[in-house]
2 protein chains.
Amino acid sequence: MWISGTTQYAIRAVLYVAEYGGAVPLHVDNISHALGVPRNYLSKTLHSLARAGVLRSERGPRGGFQLAELPERLTLARVAAPFDDLAQRHCLLRQQTCGARTACPAHVRWEAISASLTEFFGKTTIADLMRPDSAARVQAALASRARPGARRKRTTTAATRRK
Amino acid sequence: MWISGTTQYAIRAVLYVAEYGGAVPLHVDNISHALGVPRNYLSKTLHSLARAGVLRSERGPRGGFQLAELPERLTLARVAAPFDDLAQRHCLLRQQTCGARTACPAHVRWEAISASLTEFFGKTTIADLMRPDSAARVQAALASRARPGARRKRTTTAATRRK
DNA sequence: TGCTATTATCATGTGAATATGATAAACTCG
DNA sequence: CGAGTTTATCATATTCACATGATAATAGCA
């Protein structure tokens with residue numbers, strides 16, 4: 001039961017970037033050390049998050065990972081989406097025929113639980129999980145980065161999507 | 001996310017035995033056909049359920065699987081127990097240190113959902129999932145089997161546990 | 001006793017999730 | 001431009017859930 005290990009890594013990583021990252025990007029080494037998660041595996045995971053528009057990444061010296069959006073807008077569902085198809089698995093008994101038309105025996109009873117799970121992942125944000133004091137710092141960091149006049153660089157986000 | 005495929009097989013199998021089994025035991029072939037589940041894999045699963053005291057099994061001609069208890073007493077948690085450790089996974093982020101003392105960032109918010117899941121599996125029984133009409137038949141079947149004077153045979157249940 | 005039906009068990013295979021190590025690509029700055 | 005830093009990607013290994021096929025053990029019965 002529950003979400004995949006990769007998704008758990010992802011949530012913890014995004015949360016870490018939210019709390020400890022600021023104007024300066026965090027390196028994979030830093031994050032993987034902090035979380036006790038394999039480096040290269042995390043690298044792939046972070047890259048997926050960048051493609052999904054959750055993080056932005058940059059290579060080379062002064063590179064690393066930052067949030068792509070305010071933590072208030074990053075729901076757990078969005079963070080989990082690249083790794084776990086949270087929506088697709090609503091039948092407790094995995095009956096293919098379980099739908100509005102022909103329900104599995106557990107359908108009605110399970111529906112309530114299932115809905116509360118969907119709501120949890122859809123409404124809980126990274127900001128909700130942050131220590132209160134770090135939320136303010138993030139606001140400042142993102143604001144300064146978005147200030148016009150800053151030099152544009154090529155970063156990997158949802159916009160810059162390569163095959 | 002959710003429970004393992006084996007647990008889903010198990011619930012569906014126990015439910016099938018409850019609804020279509022009676023005084024005469026059901027064969028693996030019958031059940032696996034009905035559920036569209038691999039035969040030998042199901043056999044192992046059913047055997048585990050017998051060891052767990054959910055089913056009783058018997059070999060040879062006239063053998064097969066029957067419920068070991070009234071469906072009202074078979075909670076989903078009991079059926080799932082041999083395959084999924086539902087209780088062990090309470091931390092959303094899989095933090096080892098997540099407990100009463102040091103909670104993970106999601107602890108408080110996740111606790112409510114987690115509790116409702118635990119309650120669902122602990123309180124929902126096989127009887128709850130049965131079609132209403134089949135419940136009565138099971139009552140009769142189990143009662144006749146328990147009637148004193150019936151010859152005792154060696155069956156595999158929680159009591160007859162072999163290493 | 002021996003034949004047959006049925007579950008129990010063993011040995012093995014397969015695929016996906018997880019992980020590792022090496023190399024390529026991109027960026028910074030002297 | 002070239003050296004160094006960092007992410008991106010590729011090739012491969014490991015592990016585990018799920019599955020398959022063959023054989024052993026047990027029970028009923030002629």
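Protein chains get the first letters and strands the later ones, always in sequence-line order, with residue 1 at the start of each.
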Could you please name the option among [options] that lies closest to any side-chain atom of [X]?
{"X": "A/Arg59", "options": "C/dT18, D/dG28, C/dA26", "value": "C/dA26"}
{"X": "B/Phe65", "options": "C/dC27, C/dA8, D/dA8", "value": "C/dA8"}
{"X": "B/Tyr9", "options": "D/dA19, D/dC29, C/dT6", "value": "D/dA19"}
{"X": "A/Asn40", "options": "D/dG28, D/dT7, C/dG21", "value": "C/dG21"}

[X] side chain near [N] phosphate (N/O to OP1/OP2, under 4.0 Å):
{"X": "A/Ser57", "N": "D/dA8", "result": "yes"}
{"X": "B/Thr6", "N": "D/dC18", "result": "yes"}
{"X": "B/His47", "N": "C/dT7", "result": "no"}

Test item: side-chain donor near acceptor, [X] and [Y], under 3.5 Å:
{"X": "B/Ser4", "Y": "B/Thr7", "answer": "yes"}
{"X": "A/Asn40", "Y": "A/Ser43", "answer": "no"}
{"X": "A/Tyr20", "Y": "A/Asn30", "answer": "no"}
{"X": "B/Thr6", "Y": "B/Tyr41", "answer": "yes"}

[atom1] of [X] versus [atom2] of [N]: gap in Å, rounded?
{"X": "B/Arg62", "N": "D/dA30", "atom1": "CZ", "atom2": "P", "result": "11 Å"}
{"X": "B/Gln66", "N": "C/dT7", "atom1": "CD", "atom2": "P", "result": "12 Å"}
{"X": "B/Ile31", "N": "C/dA8", "atom1": "CD1", "atom2": "P", "result": "11 Å"}
{"X": "A/Arg39", "N": "C/dT23", "atom1": "CZ", "atom2": "C1'", "result": "13 Å"}
{"X": "A/Glu58", "N": "C/dC29", "atom1": "CD", "atom2": "C1'", "result": "14 Å"}
{"X": "B/Leu26", "N": "C/dT6", "atom1": "CG", "atom2": "C1'", "result": "13 Å"}
{"X": "A/His27", "N": "C/dA26", "atom1": "NE2", "atom2": "P", "result": "19 Å"}
{"X": "A/Leu42", "N": "C/dA17", "atom1": "CG", "atom2": "P", "result": "18 Å"}

Nearest-0.5 Å distance, CZ of residue B/Arg131 to CG of residue B/Leu129:
12.5 Å

Residue whose closest nucleotide on DNA chain C lies nearer the 5' end, A/Pro61 versus A/Tyr41:
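Of the two residues, A/Tyr41 wins.
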
Let me spell it out: for each of A/Gly60 and A/Lys44, pick the nucleotide of DNA chain C with the closest heavy atom. Which residue's pick is nearer the 5' end?
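The residue whose closest nucleotide sits nearer the 5' end is A/Lys44.
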
Most 5' of A/Gly63 and B/Pro38 on DNA chain D, judged by nearest nucleotide
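The residue closer to the strand's 5' end, by nearest nucleotide, is A/Gly63.
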
